[in-house]
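Reckoned from all heavy atoms, side chains included, excluding hydrogens, waters and symmetry mates.
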Amino acid sequence: VRLSKYGDWCRPGFITSPETPGELVSTWFYYYSVKILAEAARVLARISDWERYSSLAERIRDAFNREFLKDGRYGVVRPSNQTAPLSSQTSNILPLALNMVPEGEVGRILENLLEDITQRRDHHLATGIIGTRYLLETLSKYGHTDTAYRVVSQTSYPSWGYMIREGATTLWERWELLTGGGMNSHNHAMFGSVDSWFYKVLAGIKATAEEPGFKKIVIKPHMPNGLNHASASIYTIRGLILSLIHI
């Protein structure tokens, strides 16, 4: 049963992504939701619930990999005359983001993702609402902040810089410059995850998992090639955190 409606909504050139399977996105969110339940049970010391949901998450992850992981990339094979998986940036980003990829396959998945971004698309994204949320942080997580920065700093379509170049003062729902009924919204928050990447990665402001709520923080900035200064500030429950970097 394909339990998906929007999937990777509004990837460049499309409303619904033709190459990111809805069932892949839905199964990924099922896994993510169960992992959250398991962690909540652990924090609340509900051991039986923690064991139950941890076991379920493992089964979902294993089924996800059996169904969607083929030839070093995630996707589906359809229709019957298609032999290579129909794949996308989003399909490979999502399992990398949640550490779902079998250890021996991480290098191949990452290599295919980077090839698509850097070679096939000349450092441009091809992600919609779901993939864009995890694109930049996943690249940085695996040591490719320079690539993420090149994606962010593009001014040609599709990119955040393209929106600015075309006069945008707010984020669009679609990557395209459209008017009338063709543009769903010219003031939409769904591609705004780039902001968190600015302060988490470039400015390096992060809370620690061991002491949440910004009780303890780590400042670890990363200056990619082509950038020599950055600054960011965020208001937390414990006050203002400011990071200034010049090299």
Side-chain angles (χ1 to χ4, degrees), residues 1-34 60-61 63-71 73-98 100-101 109 112-117 120-139 148 151-152 154 156-163 166 168 170-194 197:
V1 180
R2 296 181 59 192
L3 301 176
S4 179
K5 181 177 180 180
Y6 293 106
D8 197 31
W9 185 251
C10 289
R11 75 80 116 181
F14 296 88
I15 292 292
T16 56
S17 176
E19 73 281 278
T20 300
E23 59 266 42
L24 183 149
V25 175
S26 295
T27 307
W28 182 85
F29 266 112
Y30 182 27
Y31 173 79
Y32 194 9
S33 299
V34 172
I60 296 168
R61 180 199 61 209
F64 182 93
N65 288 327
R66 284 196 305 271
E67 180 68 21
F68 301 118
L69 176 57
K70 298 175 179 68
D71 300 326
R73 55 175 54 86
Y74 283 88
V76 295
V77 176
R78 75 161 80 97
S80 58
N81 62 353
Q82 177 197 338
T83 57
L86 186 65
S87 190
S88 69
Q89 290 180 11
T90 294
S91 294
N92 291 305
I93 289 164
L94 295 183
L96 284 170
L98 291 189
M100 298 173 71
V101 184
I109 300 299
N112 282 317
L113 173 61
L114 290 168
E115 190 277 334
D116 188 90
I117 294 170
R120 184 180 176 194
R121 303 185 191 275
D122 192 21
H123 290 89
H124 286 76
L125 51 73
T127 51
I129 182 174
I130 307 299
T132 303
R133 162 63 182 85
Y134 298 97
L135 168 64
L136 303 176
E137 291 188 16
T138 299
L139 287 174
V151 171
V152 168
Q154 294 292 339
S156 54
Y157 170 84
S159 67
W160 290 278
Y162 171 77
M163 295 186 192
E166 295 298 329
T170 52
L171 290 168
W172 304 337
E173 184 176 2
R174 296 185 60 174
W175 294 107
E176 295 76 34
L177 174 59
L178 299 172
T179 58
M183 175 61 85
N184 300 17
S185 169
H186 280 106
N187 186 5
H188 221 75
M190 73 185 209
F191 292 135
S193 55
V194 63
W197 183 80

Legend entry - Interatomic spacing from CG in Leu139 to CG in Leu114 - rounded to 0.5 Å: 6.5 Å

Legend entry - Short side-chain to backbone donor-acceptor contact, Trp160 and Phe191, under 3.5 Å: yes

Inset, instruction - Report the C-alpha distance between Leu24 and Val76 in whole Å, list the side-chain angles of each, state the deciding distance to 0.1 Å, and finish with yes or no for side-chain contact (heavy atoms from CB on, under 4.5 Å). - result: CA-CA 8 Å; Leu24 183 149; Val76 295; 5.7 Å; no

Inset, instruction - Measure across Thr138 and Ala97 and return the closest heavy-atom pair with its distance rounded to 0.1 Å. - result: OG1-CB, 3.4 Å

Legend entry - Point-to-point distance, once rounded to the nearest 0.5 Å, from CG of Asn92 to CD1 of Ile117: 9.5 Å

Inset, instruction - Please report the shortest heavy-atom distance between Ser159 and Trp175, naming the atom on each side. - result: C-CZ3, 3.6 Å

Inset, instruction - Please name the pair of heavy atoms, one in His124 and one in Gln89, separated by the smallest distance, quoted to 0.1 Å. - result: O-NE2, 3.4 Å

Legend entry - Least distance between heavy atoms, Val25 atom then Asp8 atom: CG2-N, 4.4 Å

Legend entry - Inter-residue atom distance Tyr31.OH - Met100.CE, 0.5 Å rounding: 5.5 Å

Inset, instruction - Just do the side chain to side chain donor-acceptor pair (under 3.5 Å) check on Tyr157 and Glu176 with the steps written out, would you? - result: CA-CA 8 Å; Tyr157 170 84; Glu176 295 76 34; 2.3 Å; yes

Inset, instruction - Identify the two heavy atoms, one from His186 and one from Leu178, that lie closest to each other, and give their separation to 0.1 Å. - result: NE2-O, 3.1 Å

Legend entry - Test side chain to side chain contact (heavy atoms under 4.5 Å, CB included) applied to Trp172 and His188, Met163, Met190, the passing residue: Met163

Legend entry - Atom pair OG/CG of Ser87 and Leu69 - distance to nearest 0.5 Å: 10.0 Å

Legend entry - Ile130 CD1 to Cys10 SG distance, which is reported to the nearest 0.5 Å: 11.0 Å

Legend entry - Aromatic ring proximity Tyr74/Trp28, centre distance under 6.0 Å: no

Inset, instruction - Report yes or no: does Thr27 contribute a side-chain atom to a donor-acceptor pair with the main-chain N or O of Ile60 at less than 3.5 Å? - result: no

Legend entry - Ser88 backbone acceptor or donor facing Glu19 side chain under 3.5 Å: no

Inset, instruction - Return the orientation label for the Tyr6 and Trp9 ring planes: parallel under 30°, perpendicular over 60°, tilted otherwise. - result: perpendicular

Inset, instruction - To the nearest 0.5 Å, tell me how far Glu115 CD sits from Arg73 CZ. - result: 8.0 Å

Legend entry - Main-chain N/O of Thr127 paired with Thr132 side-chain donor or acceptor, under 3.5 Å: yes

Legend entry - Contact summary for Arg11 and Ala126, nearest pair of heavy atoms: CB-O, 4.0 Å

Inset, instruction - Check step by step if side-chain contact (heavy atoms from CB on, under 4.5 Å) holds for Leu94 and Tyr32. - result: CA-CA 10 Å; Leu94 295 183; Tyr32 194 9; over 6 Å; no

Legend entry - 4.5 Å side-chain heavy-atom contact, Tyr134 and Leu96: no

